[in-house]
Amino acid sequence: MSEPRFFEESELVSVLTSQPLDQMLDYKAPSGGCWQGDFVEVPLGPRKILGVIWCAGKGDFEYNKVRSVIRILDVVPMQPSMQEFLRRVSDYTLSPMHTMLRLATRAPGLGDPASMRHVYRKGQAEAGRMTDARLRVLAVLQNSHDLSFTLKELAEAANATTAVVKGLVKVGAVEEVTTPRDTPFPVLNPSLSGKSLSEDQAHAVTQLRSSDAGYHTTLLKGVTGSGKTEVYLEAVADCLKQGRQALVLLPEIALTAEFLTRVEGRFGAKPAEWHSGVTMTERRRTWKMVGEGHAQMVVGARSALFLPFQNLGLIVVDEEHDSSYKQEDGVLYNARDMAVLRASLVGGQVVLASATPSLESWVNVEAGKYKKIELNSRFGKAVMPSLAAIDMRQEKLPGDRWISDSLKKMVETRIQSGEQSLLFINRRGYAPITLCRSCGNQVGCDNCDARMVEHRFSNRLMCHQCGETKPVPSACPSCDAVGRLAVVGPGVERLAEEATELFPEAKVAVLSSDLYGSARALKAQILALASGSADVIIGTQLVAKGHNFPLLTLVGVIDADLGLQGSDLRAAERTFQLMRQVAGRAGRADKPGTAVLQTHQPEHPVIEAILGGDEEAFWRAEASEREAAGVPPYGRMVGIILSSTDPQEASEFGKAMASNILPLNKIGAEVFGPAPAPISRIRGRYRVRLLIKANKSVPIQSAISEWVSQFKTPKSLRLSIDIDPQSFY
Ligand code: ADP
Ligand code: ZN
């Protein structure tokens, strides 16, 4: 990457801002000049806004009218490789540059002067007159040697008012010290000895190490419980030893305290964190320290990819197949793919870890683009769970029960021996459908084309699209019949009710994302469950991810057929991955586990593949089907979603687009639609989709942007372009 350029005072520079303009703006370099990449404040109309010195100015405006950069901010400049990264992500996703800058500056107060804050420590003097509150404050300071408290933190910790603390400062018993607000992260020590590795793990580490220096990507495929984390932490250690920074990406829900503790165990200190649960203050600290090189390792959700690393040497994408790596609003990027791009621009290494890799990565290994390392057995005494189907056609359950007798017996055995069972159903709430037995109406959302789902814990109906809730009605909203509403089908809450009836002596707990007020409360609950607070856990897909339940020896999948319905091109792949992941929760410690799938179609090829365990065969079959159909990863797809409060407008616009497709014809792409989206209305906006299919090797982005630019979108219409769509709703 080329060195940044210097601009003399008054020279024209082009500045990227996060304002929704379709171009960058020219300014004059400030007195003293500035560097390419400097974060600056520039005037825009009456306002002052944040920007980055991007390149030389274009000189489109009369020089005399061009205004000057106001000031250079006291943060580390954006590196040329980061500029290039943002440009490439923008080109790939067809998102305007200003949205990229927003992704790259998602921390508050970057423009604030190097800010200081007061912290409070034990002072030299005696407190003089003593009160209980004063004693508590001094005790807190006494007992926490190196911690520094802000005024508020100290008062809270001591259960005293801030006035008490200030009184102690006045007499000198507490000292007020001024320190920089953003402090470096504790130093990680990569030379501490890690866990002693199994032979398999050691071999995998050697293979990771033998990779050449410079950019490369490795798929680390290992069954659940094989110890992939220990293996990639060795890659992190190598990276830190070279003085480079490491980034570990995890799906949001897998970002647990347990994981951070594991890192601490390996390197002697906790890494920086970046996810939605991190406070704004901590975000700014992380952003700045990553930029200054004072955060050696970041553990984060997908947007951590846009942090201003100074010297990034490694990106690990754990659970690389997880669909949550695709951002579904704003800039529609796939963090896994963009991680590969980012690493390639800085000569770094990528490790993609998964027990059930995506077909995309599988194909990249086949093509020789990625290297593959496999871990085929579980660590220690743990063995892979045995898998079996329960044929629901034989079980003859009544319509309002979902736990078969066979499964019930298995759970009872576990309860008797003090082991845990997990009953898995991928549906939140009590029941997915509320039906009127008089008129047949299914209660729907007023704003969306979606059914309202009953949530009995909160005693409301909820729309899973827009989050709208309303009380459970006593009369049918459509025909007014009273007492005729019935719920149909199971959700986690209803299943818990059934389990409580079937296993009256057992402790039954529900684990579903909507039952806990915060991510923290949810994680606390996961931890409690892992240590044995329940005998039977009823869970949605979030139990499938990244947490160990040592006492869990039985997994029962209530409806293995659920994901196979629908026409999503990844339905088979996703079901396979999810079922394997859920099953993998069983028997992670010394007791062997069992997983059973309740299914109405045990001979379905996907169900057979899950049970048979011949993954290679499954992936090959799946790959050849996709290849024959010319769909990803063998062909390219782009989704266009048009939405408007006026259904006519969206569909007319879609038709106009579909009848002017010269730029797409030129690259031989096919256009499908417009058609109402499967969820044809969300939050009151009607949605229409087009789908473009093309050969893998064609320049799809430039064709799409040429095509789209032919049409002028009215203000009332939203057009979004989804390159490599993961969801088709
Ligand atoms: P995966 O990510 O492949 O599912 P983990 O890395 O979470 O597997 O490891 C599974 C369990 O085995 C964890 O509890 C982990 O602490 C333990 N483990 C893995 N490797 C080792 C090792 N070399 N020494 C001790 N414990 C290990
Ligand atoms: Zn809704």
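Ligands are counted one by one from 1 in listed order, and the atoms in each one are counted from 1 as well. Remember, it's a predicted structure, so these values are computed and weren't measured experimentally.
At a 4.0 Å heavy-atom cut-off, ligand 1 touches Ser196 through the backbone alone. When heavy-atom distances to ligand 1 are checked against a 4.0 Å cut-off, Leu375 has no atom that comes that close, whether in backbone or side chain.
Between Trp619 and Phe576, the ring-plane angle classifies as perpendicular under the 30° and 60° cut-offs. Note: His464 and His455 have perpendicular aromatic rings, judged against thresholds of 30 and 60 degrees for the angle between ring planes.
Using a cutoff of 4.0 Å between basic side-chain nitrogens and carboxylate oxygens, Glu616 and Arg620 are scored as salt-bridged. Between Lys195 and Glu230, at least one side-chain N (NZ, or NE/NH1/NH2) sits under 4.0 Å from a carboxylate O, which counts as a salt bridge.
Here is the list of ligand 1 atoms found below 4.0 Å of a heavy atom in Leu197: 23 (N). Ligand 1 places these atoms under 4.0 Å from at least one heavy atom of Thr229: 2 (O), 5 (P), 6 (O), 7 (O). Distances below 4.0 Å separate heavy atoms of Val223 from the following atoms of ligand 1: 3 (O).
Taking all heavy atoms of Glu319, Arg262, Gln201, Glu230 into account, the minimum distance to atom 5 (P) of ligand 1 is reached by Arg262.
In this structure, Gly222 falls outside the shell of residues with a heavy atom less than 4.0 angstrom from ligand 1.
For the pair Ser198 and ligand 1, the shortest N or O to N or O distance does not fall below 3.5 Å. Residue contacts with ligand 1: Gly227 is placed with a nitrogen or oxygen under 3.5 Å of a nitrogen or oxygen of the ligand (distance criterion only). Taking any N or O of Thr224, backbone or side chain, none lies under 3.5 Å from an N or O belonging to ligand 1.
The minimum heavy-atom distance between Ser354 and Glu320, with the atom names listed, is CB-CG, 3.8 Å.
Judged as a salt bridge (Lys or Arg N to Asp or Glu O under 4.0 Å), the pairs with a partner in residues 434-450 (not counting sequence neighbours) are, in order, Asp446-Lys470.
Few gaps surround CZ on Arg456; more than 12 heavy atoms of other groups in view lie less than 6.0 Å from it.
Near-neighbour remark for the Zn ion (ligand 2): protein N, O or S atoms under 2.8 Å are Cys445 SG, Cys448 SG, Cys463 SG, Cys466 SG; waters not counted.
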